[in-house]
Every structure is written in structure tokens, then in C-alpha cells.
2 protein chains.
Amino acid sequence: MDIDKKIYEMHAEMCKIFTNSKRLEILNILRDGEKSVTELEKATGLHQSNISQHLSLMRDKMIVETRRDGTNIYYSLADKRILKAFDIVREMLYAKIHKNAEFAQKLDEK
Amino acid sequence: MDIDKKIYEMHAEMCKIFTNSKRLEILNILRDGEKSVTELEKATGLHQSNISQHLSLMRDKMIVETRRDGTNIYYSLADKRILKAFDIVREMLYAKIHKNAEFAQKLDEK
DNA sequence: TTAATATATTAGAATATTAGAATATATTTG
DNA sequence: CAAATATATTCTAATATTCTAATATATTAA
């Protein structure tokens with residue numbers, strides 16, 4: 001298969017991970033370093049099974065890595081470069097929000 | 001609603017656009033500048049209706065912009081910053097491929 | 001106005017994703 | 001070994017996404 005197509009598919013596949021706001025929240029919490037499932041449960045308020053599902057998915061896709069310490073399992077980012085990509089998207093979103101706000105204001109002025 | 005949650009949701013929503021390899025291919029073609037639907041049809045080999053659907057979606061989400069010239073409609077990127085994010089993801093993917101290849105080679109050596 | 005070209009929309013079947021409930025597994029402590 | 005704690009897995013109903021084919025709309029040229 002065409003190598004370019006393959007990369008597009010891998011890219012699309014990776015982005016599927018980022019289509020869930022809870023997963024993005026989890027990843028953003030991991031920005032500061034590894035966290036256990038329980039810590040993530042407290043930080044997000046999600047059900048344990050649900051967090052575990054999200055983490056399992058992200059581990060399969062090699063977005064996060066794990067380290068066991070006793071009964072705890074600590075999750076961390078496998079490649080911190082993803083944070084840079086997230087930051088760019090966030091910049092774009094803020095710009096979009098700002099643009100929309102300006103547009104709304106112009107409508108009000110009429 | 002919590003502003004952070006809102007941003008995570010917008011981010012997730014935007015990433016939905018990138019979960020389709022055809023859309024990523026289209027966006028990458030637009031890297032070089034605006035293209036008409038027909039040009040994109042030729043470049044990708046996709047059905048016209050399908051391209052139109054993808055473009056319509058990306059236009060709704062303000063990822064691409066349009067300009068009409070006669071019967072042609074030219075599509076372009078609304079915010080070129082997205083390309084930088086794509087490049088980071090691609091770097092990560094290449095690193096992952098490389099890592100996997102090394103691992104496979106170690107297995108062979110045994 | 002009619003034909004030709006470019007683009008958009010709709011409908012529908014196949015497939016994928018989600019959260020939560022229930023259950024299972026693994027580790028430590030007593 | 002039994003109990004307690006932490007984490008993982010499985011199942012299911014609801015919802016969302018995909019592509020193709022068919023049809024519709026818009027613009028230009030004759």
C-alpha cells in the first residue's frame with residue numbers, strides 16, 4: 001500500500017483517540033506527570049470502569065505508558081510531543097472563539 | 001459550563017474531522033493552496049459526492065473556506081496552523097514506526 | 001431558454017463508538 | 001488463605017459515522 005495513504009490512516013487512527021473530551025482531559029492531566037487510575041478518577045469525576053476503558057484504549061494505541069507500583073498503576077504520556085500539537089489546536093480554538101465573538105458584537109451594533 | 005471542559009469538547013469535536021484519512025489527504029493537498037472540487041477529485045480518486053460531503057463537513061466546522069469562481073468552487077485552509085499540528089503528529093508516527101521496526105528486528109535476531 | 005458542467009444534498013445500509021453495569025483479575029495485608 | 005483495594009474486561013443499548021447511488025441546484029455558454 002501507498003506509504004502516504006498508510007500515514008494518513010495512522011494519523012486518522014490516532015486522532016480517533018482525541019475525539020473524546022474525557023480522554024483529552026486525562027491526557028492534559030498527565031501533562032504534569034504520571035497519575036494512578038484512582039488519582040485520575042478523583043481529578044475527573046468519571047467512573048472507574050470508564051477511565052479504565054479510556055486508558056486501556058490509549059495504552060493500546062501507545063499514547064500512554066504504564067508502570068505498576070503495588071496495586072497502583074501509574075499512567076504517563078508516551079510521547080510528550082503530542083502536547084505541542086494540542087497547544088496548537090487550542091490556540092486555533094481560542095482564535096475561533098475570539099473571531100465569533102467579534103462577529104456577534106458586530107451584529108449587536110447594527 | 002466549565003471553560004476547560006468546553007475547550008476539551010471543542011478540541012474533541014475538531015479532532016473528529018481528522019479521524020478520516022481521506023479528509024487528512026484533502027487537507028494535505030490544500031497545503032499548497034486552494035483547489036476546486038474537481039481538482040481534488042482528480043488528486044484523490046474519490047467520488048465527487050463523497051469529496052463534497054467531506055468538504056461540506058470541514059466547511060461547517062470552519063476548517064476550510066470557499067471562494068466561487070464561475071461554476072468552480074475553490075477550497076482552502078481556514079487556519080494554516082493546523083498543518084503544524086499535523087506535522088507534529090506525523091513526526092510522532094514516524095518515530096513510532098521506527099521504534100516498532102527496531103523491536104521487530106530484535107525479535108528476529110533471537 | 002436549454003444543455004453542459006460543477007458542486008451539493010439526501011437516503012439508507014453497514015459499521016463503529018460510547019457510557020455504565022456487572023463481573024473478573026491482580027496485588028497487598030493480616 | 002481471606003479480605004481489601006486497585007484496576008481491567010465484557011456486554012449492551014443508544015448513538016454516530018461511513019460510503020455509494022440517486023437526485024438536486026447553481027452557473028455559464030450557446
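Predicted model, so just to flag it, every value in this text is computed and none were measured. Reminder, nothing fancy here: chain letters follow the sequence lines and each chain counts from 1.
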Revision key, fill the gap. Taking for A:Thr19 and for B:Ile51 the nucleotide of DNA chain C with the nearest heavy atom, the one nearer the 5' end belongs to B:Ile51

Review point. Rounded to the Å, how far apart are B:His47 NE2 and D:dA22 P?
Key: 11 Å

Check your understanding: Whole-Å distance between C:dT9 P and B:Met58 CE?
Key -> 14 Å

Exercise for review: Scan residues 21-30 of chain A against DNA chain D and write down, sorted by residue number, each residue with any heavy atom closer than 4.0 Å; if none is found, say none.
Suggested key: none

Point to revise | Sidechain N-carboxylate O distance under 4.0 Å for B:Arg67, B:Glu34 | key: yes

Practice item. For atom NZ of A:Lys22, decide whether the heavy atoms of other residues, nucleotides or ligands shown that lie under 6.0 angstrom number more than 12. Key: no

Check your understanding: Does a side-chain N or O from A:Thr38 land closer than 4.0 Å to OP1 or OP2 of D:dT5, or not?
Key -> no

Practice item. Check whether any side-chain N or O of A:Asn20 sits under 4.0 Å from OP1 or OP2 of C:dA19, and answer yes or no. Key: yes

Review point. Got a salt bridge between A:Arg31 and A:Asp87, using NZ or NE/NH1/NH2 to carboxylate O under 4.0 Å?
Key: yes

**Study point:** d(CG, B:Asn72; C1', D:dA26) in whole Å
**Key:** 12 Å

Practice item. Evaluate the side-chain proximity of B:Leu55 to B:Leu40: yes if any heavy-atom separation is below 4.5 Å, no if none is. Key: yes

Review point. Rounding to a whole Å, what distance do you find between B:Leu57:CG and D:dA16:P?
Key: 14 Å

Practice item. Report the distance from atom CG of A:Leu46 to atom C1' of C:dA19, rounded to the nearest whole Å. Key: 10 Å

Practice item. Find the distance B:Tyr74:OH to C:dA6:C1' and express it as a whole number of Å. Key: 10 Å

Check your understanding: Distance from B:Met58 atom CE to B:Thr66 atom OG1, nearest 0.5 Å?
Key -> 12.0 Å

Revision key, fill the gap. To the nearest 0.5 Å, atom CD of B:Glu25 lies from atom NE2 of B:His54 at 10.0 Å

Study note, to complete from the structure: In whole angstroms, the gap separating P of D:dA26 from CG of B:Asp69 amounts to 18 Å

**Study point:** N or O in side chain of B:Lys16 less than 4.0 angstrom from D:dA16 OP1/OP2
**Key:** no

Exercise for review: Would you please indicate if the ring centroids of B:Phe18 and A:Phe18 are separated by under 6.0 Å?
Suggested key: no

Revision key, fill the gap. Going 5' to 3' through nucleotides 8-13 of chain D and flagging B where a protein heavy-atom sits under 4.0 Å of the base, S where only the sugar-phosphate is that close, and - otherwise, we get BBBB--

Practice item. Indicate yes or no: does A:Lys61 engage A:Glu13 in a salt bridge with an N to O separation below 4.0 Å. Key: yes

Check your understanding: D:dT7 P sits how many Å from A:Leu40 CG, rounded?
Key -> 9 Å

Check your understanding: For residues B:Tyr8 and A:Asn28, is any side-chain donor paired with an opposing acceptor at under 3.5 Å?
Key -> yes

